[in-house]
Amino acid sequence: MTGKTVLFLIVLFAVSACTPAQQESLIKSAEQNALNDSLRRKAEMKVLKDRIQAFSDSVISIEKEIDSVSVAIGLAKAEYQVQNDQLEKIKKFKLLRSKDEREQQIRSQSDVLYAIEKHISALEYQLVNLQVRLDYFKSEMNKSSLIN
């Protein structure tokens, strides 16, 4: 039997064993309990829907951020390739350039490449963290949806 059926039978039994004044009191009490349960369930459902909406908003925000970081990684990799090509040009022989000047240009360009590598690494780390956050919010959203 369901909970409502059992509750109904208990109320029916209690009502039949009481005087009319007690019966009316029991009926009002049962009605108030039913109303309170209904209000509680509505409040719980609203909280659950708000929670799912918050998770959904977070997922959308993180997905946009992932797209943005992915684009930034692509641009940084393209810039790295351009600077690497520049390094290859610097390494080639040039007339009237001393060996020290050549070495200084190579070091300088290597520093530029290293800075870009660090930037790419930071962006990739950020991307991984965003993916982890996205997975977390999606799983929480699914858990909340299953409860509903």
Side-chain angles (χ1 to χ4, degrees), residues 1-92 101-148:
M1 278 193 247
T2 65
K4 289 182 181 179
T5 306
V6 171
L7 180 63
F8 177 73
L9 290 176
I10 290 173
V11 170
L12 185 63
F13 177 72
V15 167
S16 65
C18 299
T19 65
Q22 290 174 331
Q23 288 177 354
E24 189 173 318
S25 173
L26 285 174
I27 291 172
K28 285 183 180 181
S29 174
E31 288 173 347
Q32 186 62 42
N33 287 340
L35 177 64
N36 291 343
D37 287 344
S38 175
L39 293 174
R40 182 185 47 80
R41 280 191 301 272
K42 284 181 183 178
E44 288 173 353
M45 292 303 292
K46 181 173 179 1
V47 167
L48 186 60
K49 286 179 183 177
D50 290 347
R51 182 180 170 129
I52 290 171
Q53 184 61 45
F55 286 139
S56 177
D57 292 345
S58 295
V59 165
I60 290 169
S61 172
I62 292 171
E63 285 174 340
K64 286 179 183 177
E65 206 171 335
I66 285 173
D67 290 342
S68 173
V69 170
S70 295
V71 168
I73 288 172
L75 292 173
K77 286 182 177 181
E79 179 63 21
Y80 181 84
Q81 190 61 43
V82 167
Q83 295 301 325
N84 197 34
D85 292 344
Q86 184 68 27
L87 177 63
E88 293 303 316
K89 288 179 184 177
I90 291 171
K91 287 181 179 179
K92 292 181 181 177
E101 186 180 351
R102 177 180 179 267
E103 293 302 318
Q104 175 58 34
Q105 288 175 345
I106 290 173
R107 276 193 300 274
S108 177
Q109 190 64 23
S110 294
D111 289 344
V112 169
L113 288 171
Y114 179 69
I116 294 172
E117 286 173 350
K118 281 179 43 177
H119 182 65
I120 290 171
S121 179
L123 288 171
E124 288 173 341
Y125 180 76
Q126 183 181 0
L127 183 63
V128 168
N129 285 336
L130 287 170
Q131 285 289 350
V132 168
R133 286 179 51 209
L134 179 66
D135 292 343
Y136 168 76
F137 282 116
K138 281 185 175 180
S139 71
E140 288 298 313
M141 194 167 65
N142 287 338
K143 285 180 194 175
S144 296
S145 294
L146 292 176
I147 293 172
N148 190 5

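The figures here come from the full heavy-atom set of this structure, side chains too, leaving out hydrogens, waters and symmetry mates. For the single chain, residues carry numbers from 1 onward in sequence order.
Using a 4.5 Å heavy-atom threshold, the side chains of K91 and Q109 count as separate. The side-chain heavy atoms of M45 and K42, taken from C-beta on, include no pair separated by under 4.5 Å. Within the 4.5 Å cutoff, side-chain heavy atoms of K138 are placed close to those of E63.
Salt bridge E44/R40: present, at least one basic N to carboxylate O contact under 4.0 Å. In summary, D50 and K46 engage in a salt bridge, as defined by a charged side-chain N under 4.0 Å from a carboxylate O. One finds no salt bridge joining E31 and K28 here, because no Lys/Arg side-chain nitrogen approaches an Asp/Glu carboxylate oxygen to under 4.0 Å.
Considering every non-hydrogen atom in both I52 and S144, the closest pair reads CG1-CB, 3.5 Å. Between I66 and L130, the shortest heavy-atom contact is CG1-CB, 3.6 Å. Listed here is the closest heavy atom pair of I116 and A76: CG2-O, 3.6 Å.
Evaluated for a side chain to side chain contact (heavy atoms under 4.5 Å, CB included) with Y125, the options L123, N129, V128, L127 yield exactly one hit, N129.
Q105 and R102 share no side-chain donor-acceptor pair at under 3.5 Å. Side-chain contact annotation: Q53 with D57, donor-acceptor N/O pair under 3.5 Å present. Judged purely by distance below 3.5 Å, without hydrogens or angles, the side chains of N84 and E88 never pair a donor atom with an acceptor atom.
In this structure, CD1 on I62 lies 13.5 Å from OG on S68, to the nearest 0.5 angstrom. Between the CD atom in E65 and the OG atom in S70 there is a gap of 11.0 Å [rounded to 0.5 Å]. Distance CD/E103 to OG/S110: 9.5 Å, rounded to 0.5 Å. Taking CD of Q32 as the start and CG of D37 as the end, the distance is 10.0 Å to the nearest 0.5 Å. S38 contributes atom OG, which lies 12.5 Å from atom CG of N33 (distance to the nearest 0.5 angstrom). Atom OG of S58 and atom CE of M141 lie 9.5 Å apart (nearest 0.5 Å).
Taking the six-membered ring where the residue is Trp, F55 and F137 present tilted rings, their angle falling between 30° and 60°.
Under the 3.5 Å distance criterion, the side-chain polar atoms of S108 are left unmatched by any main-chain donor or acceptor of Q104.
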